[in-house]
Peer 1: 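If you scroll down you'll find the structure; I have some questions about it.
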Amino acid sequence: MSEKCDLCLLGLIILSSLLTGTSGVNETVFISSGENVRLPCNNALSLSDCNSTTWIYGTSRHSEAAELIKLGIKKKNTGSYERLSLGSDCSLNIKNVTKEDYGFYSCRQFVNDKQQGTDARVFLHVLHVSVSSSSSSSSSSSSSSSSSLFSSSSSQTEISPGRSVTLSCQLYSYTGFSCDHLVRFEKLQLSWVNQTGVDLTTDSRYQISSDHCIISLTTTLLNEDDNREWRCQLTHRNQLQTSVRYTVKYSETVISVTARTLFRVIVIIVEMAVFAAPTVILLQIICARRAGRKDSEHPEEIEMPTILQ
């Protein structure tokens with residue numbers, strides 16, 4: 001039993017060092033998908049040319065690490081080749097981060113094909129939001145379709161007023177532990193807030209559900225939701241680390257159709273009023289004439305005023 005406790009304690013110490021960046025030259029970076037990030041190389045031998053610097057990447061302890069940059073030169077056989085660049089201080093720059101970029105990045109130094117010193121590792125955690133939309137009468141888990149919703153991530157779907165939309169916010173992270181450990185022991189927390197930072201769990205219009213490192217928001221869209229912003233934010237020990245903004249954008253087609261529909265309704269009301277007015281007047285005239293004939297045919301039925309004696 002004591003050995004298991006010792007192992008758990010050691011694991012928590014390692015996890016804490018990964019998140020806080022206090023173990024050697026290891027660092028932890030939280031970033032949202034769609035943003036640019038700089039990963040520092042804390043063991044660079046020279047900042048003049050970075051010819052001794054090699055960057056490798058992996059997603060887990062057991063995954064095979066891939067070389068991104070070798071001795072200062074980018075490797076062309078990587079999927080992220082176009083988005084990578086080497087900084088003047090030998091840092092690794094990644095443009096337009098995606099959820100697939102999460103993992104560990106190691107900066108290594110070589111002289112005459114021999115590694116110098118230890119790796120300088122950076123653990124990259126990526127916050128990403130995906131969206132699914134359905135009609136209000138259907139399940140909100142239906143698949144996404146064409147684009148009319150803008151976000152800081154690349155995930156988009158067709159939306160319009162009256163539809164139910166679900167935004168799923170997930171933290172993609174590399175650690176040797178489950179997200180349960182991150183949430184329970186490192187106090188990582190995900191939340192949905194509005195434009196002013198108010199937690200949306202306080203508003204009954206939104207259904208919020210969470211499962212460790214995933215938190216989902218479901219609501220039915222209203223006409224006034226166009227340009228409305230919702231934000232998924234990540235805090236570590238009550239300190240904001242990063243956030244993803246999602247802004248509702250109804251397509252021009254939806255807006256024009258709505259405008260045309262409204263215009264058509266107004267036209268119909270006006271037409272009805274125009275055609276109804278003469279009909280009402282004609283009916284009044286006919287009724288008045290009929291009433292006049294009736295009075296002339298039965299004069300005895302006309303009540304005469306009583307003459308006071």
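Basis for what follows: all heavy atoms, side chains included, without hydrogens, waters or symmetry-related copies. FYI, the numbering just counts along the sequence from 1.
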Peer 1: Go through the steps for Leu127 and Phe30 under the test side-chain contact (heavy atoms from CB on, under 4.5 Å), then give the verdict.
Peer 2: CA-CA 8 Å; Leu127 190 65; Phe30 295 97; over 6 Å; no
Peer 1: Measure the OG-CD distance between Ser210 and Gln189 for me, rounded to the nearest 0.5 Å.
Peer 2: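 Output value for this atom pair is 9.0 Å.
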Peer 1: Flag yes if Val193 and Val244 sit in one hydrophobic cluster, no otherwise; membership is Ile, Leu, Val, Met, Phe, Trp, Tyr, and two members link when side-chain heavy atoms are under 4.5 Å apart.
Peer 2: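 No; tracing contacts between hydrophobic side chains, which count when under 4.5 Å, never links both residues.
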Peer 1: I'd like to know if the side chain of Lys249 reaches the main chain of Asn227, judged simply by a donor and an acceptor atom lying under 3.5 Å from each other, with no hydrogens or angles considered.
Peer 2: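 Here the side-chain-to-backbone pair does not exist.
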Peer 1: Show the nearest heavy-atom pair for residues Trp192 and Cys169, with the distance to one decimal.
Peer 2: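 That would be CZ2-CB, 3.8 Å.
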Peer 1: Following the transitive rule for hydrophobic clusters with a side-chain heavy-atom cut-off under 4.5 Å over Ile, Leu, Val, Met, Phe, Trp and Tyr, establish whether Leu190 and Trp230 coincide in one cluster.
Peer 2: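 Both belong to a single hydrophobic cluster.
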Peer 1: Can you see whether Thr218 engages Thr166 through a side-chain donor-acceptor pair at a distance of less than 3.5 angstrom?
Peer 2: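 Per modelled atom types, Thr218 and Thr166 side chains form a pair under 3.5 Å.
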Peer 1: Indicate yes or no: at least one non-hydrogen side-chain atom of Tyr105 is less than 4.5 angstrom from one of Asp119.
Peer 2: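 No; the side chains remain at least 4.5 Å from each other.
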Peer 1: When you measure from the side chain of Ser33 to the backbone of Lys99, do you find a donor-acceptor pair of N or O atoms at a distance under 3.5 Å?
Peer 2: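 Looks like no, no N/O pair under 3.5 Å.
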Peer 1: Is there less than 2.5 Å between the SG of Cys90 and that of Cys41?
Peer 2: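 Looking at Cys41 and Cys90, their sulfur gamma atoms do not lie closer than 2.5 Å, so the answer is no.
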Peer 1: Regarding Gln170 and Tyr172, do their side chains bring together a donor and an acceptor under 3.5 Å, going by distance alone?
Peer 2: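 Indeed, the side chains of Gln170 and Tyr172 share at least one donor-acceptor pair under 3.5 Å.
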Peer 1: Does a salt bridge link Lys95 with Glu82, judged by any charged N lying under 4.0 Å from a carboxylate O?
Peer 2: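 Looking at Glu82 together with Lys95, the answer is no, because their closest N to O distance does not fall below 4.0 Å.
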Peer 1: Nearest 0.5 Å, what's the CG-OG1 distance between Leu68 and Thr54?
Peer 2: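 If we round to the nearest 0.5 Å, Leu68:CG and Thr54:OG1 are 10.5 Å apart.
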Peer 1: For the residue pair Lys75 and Tyr81, would you count it as a cation-pi contact if the rule is NZ or CZ under 6.0 angstrom from the ring centre and within 45 degrees of the ring axis?
Peer 2: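 No, Lys75 does not sit over the ring of Tyr81.
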Peer 1: Quick check against the 3.5 Å criterion: does Arg121 have a side-chain atom that pairs as donor or acceptor with the backbone of Glu27?
Peer 2: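 No; judged by distance alone, with no hydrogens or angles, the pair does not exist.
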Peer 1: Only one of Val131, Ile208, Thr201 passes side-chain contact (heavy atoms from CB on, under 4.5 Å) with Leu217; say which it is.
Peer 2: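 Among Val131, Ile208, Thr201, the one meeting side-chain contact (heavy atoms from CB on, under 4.5 Å) with Leu217 is Ile208.
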Peer 1: Taking C-beta and beyond as the side chain, do Leu92 and Ile69 meet within less than 4.5 Å on heavy atoms?
Peer 2: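 Yes - at least one pair of side-chain heavy atoms lies under 4.5 Å apart.
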Peer 1: Say you draw a straight line from NE2 of His125 to OG1 of Thr242; how long is it, rounded to the nearest 0.5 Å?
Peer 2: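 It is 12.0 Å, given to the nearest 0.5 Å.
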Peer 1: If I compare all heavy atoms of Cys50 with all of Gly87, which pair ends up nearest, and what's the gap?
Peer 2: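 Looking at all heavy atoms of both residues, the closest pair is SG-O, 4.0 Å.
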Peer 1: Working to the nearest 0.5 angstrom, can you tell me the gap between Asp203 CG and Thr219 OG1?
Peer 2: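 OG1 of Thr219 is found 8.0 Å from CG of Asp203.
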Peer 1: Taking Lys114's backbone N and O only, do any of them form a donor-acceptor pair with Gln116's side chain (distance below 3.5 Å, no angle check)?
Peer 2: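 Judged by distance alone, yes, a pair lies under 3.5 Å.
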Peer 1: Could you give me the CA-CA distance, side-chain angles and deciding distance for Leu86 and Trp55, then say whether side-chain contact (heavy atoms from CB on, under 4.5 Å) is met?
Peer 2: CA-CA 10 Å; Leu86 200 60; Trp55 277 96; 3.8 Å; yes
Peer 1: What distance separates Gln241 CD from Gln239 CD, expressed to the nearest 0.5 Å?
Peer 2: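 If we round to the nearest 0.5 Å, Gln241:CD and Gln239:CD are 7.5 Å apart.
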Peer 1: What heavy-atom pair brings Leu71 and Phe110 nearest, and what distance separates the two atoms?
Peer 2: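 Heavy-atom minimum between the residues: CD2-CB, 3.9 Å.
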Peer 1: For the residue pair Leu167 and Val165, establish whether any side-chain heavy-atom pair is separated by less than 4.5 Å.
Peer 2: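 Heavy-atom side-chain distance check passes, below 4.5 Å.
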Peer 1: Going from OG on Ser80 to OH on Tyr57, what distance comes out if it is rounded to the nearest 0.5 angstrom?
Peer 2: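 OH of Tyr57 is found 8.0 Å from OG of Ser80.
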Peer 1: I want to check something: taking the side chain as every heavy atom from C-beta on, are Glu186 and Arg237 in contact at a cut-off of under 4.5 Å?
Peer 2: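 They are in side-chain contact.
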Peer 1: If I compare all heavy atoms of Ile215 with all of Ser191, which pair ends up nearest, and what's the gap?
Peer 2: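 Answer, listing the atom of Ile215 first, then Ser191: CD1-CA, 3.8 Å.
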Peer 1: Would you mind reporting whether Asp89 and Arg38 have side-chain heavy atoms less than 4.5 Å apart?
Peer 2: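 When only atoms from C-beta onward are counted, Asp89 and Arg38 do touch, with a gap below 4.5 Å.
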Peer 1: Could you go through Ser130 and Ser168, starting from their C-alpha distance and side-chain angles, then the distance that decides it, and tell me whether this counts as side-chain hydrogen bond (donor to acceptor under 3.5 Å, both in side chains)?
Peer 2: CA-CA 5 Å; Ser130 59; Ser168 297; 4.6 Å; no
Peer 1: Could you tell me if the side chain of Leu84 sits less than 4.5 Å from the side chain of Ile94, heavy atoms only?
Peer 2: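 Yes, side chains in contact.
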Peer 1: Find out whether Leu45 and Val111 are in side-chain contact, i.e. whether some heavy atom of one side chain is under 4.5 Å from a heavy atom of the other.
Peer 2: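 In contact.
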Peer 1: The test is side-chain contact (heavy atoms from CB on, under 4.5 Å); show your working for Gln109 and Thr53 and say whether it passes.
Peer 2: CA-CA 5 Å; Gln109 302 300 315; Thr53 299; 3.2 Å; yes
Peer 1: Is there a donor-acceptor pair under 3.5 Å between the side chain of Ser32 and the backbone N or O of Ser243?
Peer 2: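 Checked: pair present.
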Peer 1: What closest approach, in Å, do Ala120 and Asn42 show between heavy atoms, and which atom pair accounts for it?
Peer 2: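 So the minimum-distance heavy-atom pair works out to CB-N, 3.9 Å.
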Peer 1: side-chain contact (heavy atoms from CB on, under 4.5 Å), that's the test. Do Leu200 and Asn194 meet it? Break it down for me.
Peer 2: CA-CA 7 Å; Leu200 293 179; Asn194 62 16; 3.8 Å; yes
Peer 1: Measure the shortest side-chain to side-chain distance between Leu39 and Val37 over non-hydrogen atoms and say whether it is less than 4.5 angstrom.
Peer 2: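 Yes. Closest side-chain heavy atoms under 4.5 Å.
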Peer 1: Backbone N or O of Cys107 within a donor-acceptor pair of the Asn43 side chain at under 3.5 Å?
Peer 2: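 Judged by distance alone, yes, a pair lies under 3.5 Å.
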Peer 1: For Gln195 and Glu229, indicate whether the former's side chain and the latter's backbone hold a donor-acceptor pair under 3.5 Å.
Peer 2: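 Flag set: sc Gln195 to bb Glu229 pair under 3.5 Å.
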Peer 1: If a pair satisfies salt bridge (Lys or Arg N to Asp or Glu O under 4.0 Å) and one of its residues is in residues 210-225, list it, with sequence neighbours excluded.
Peer 2: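 As it turns out, the salt bridge (Lys or Arg N to Asp or Glu O under 4.0 Å) pairs with a partner in residues 210-225, which skip direct neighbours, are Arg205-Asp225, Asp225-Arg228.
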Peer 1: Within the side chain of Asp226, is there an N or O that forms a donor-acceptor pair under 3.5 Å with the backbone of Tyr250?
Peer 2: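 Looks like yes, one N/O pair under 3.5 Å.
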Peer 1: Which heavy atom of Val97 sits nearest to which heavy atom of Arg83, and what is that distance?
Peer 2: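 Of all heavy-atom pairs spanning Val97 and Arg83, the closest is CA-NH1, 4.0 Å.
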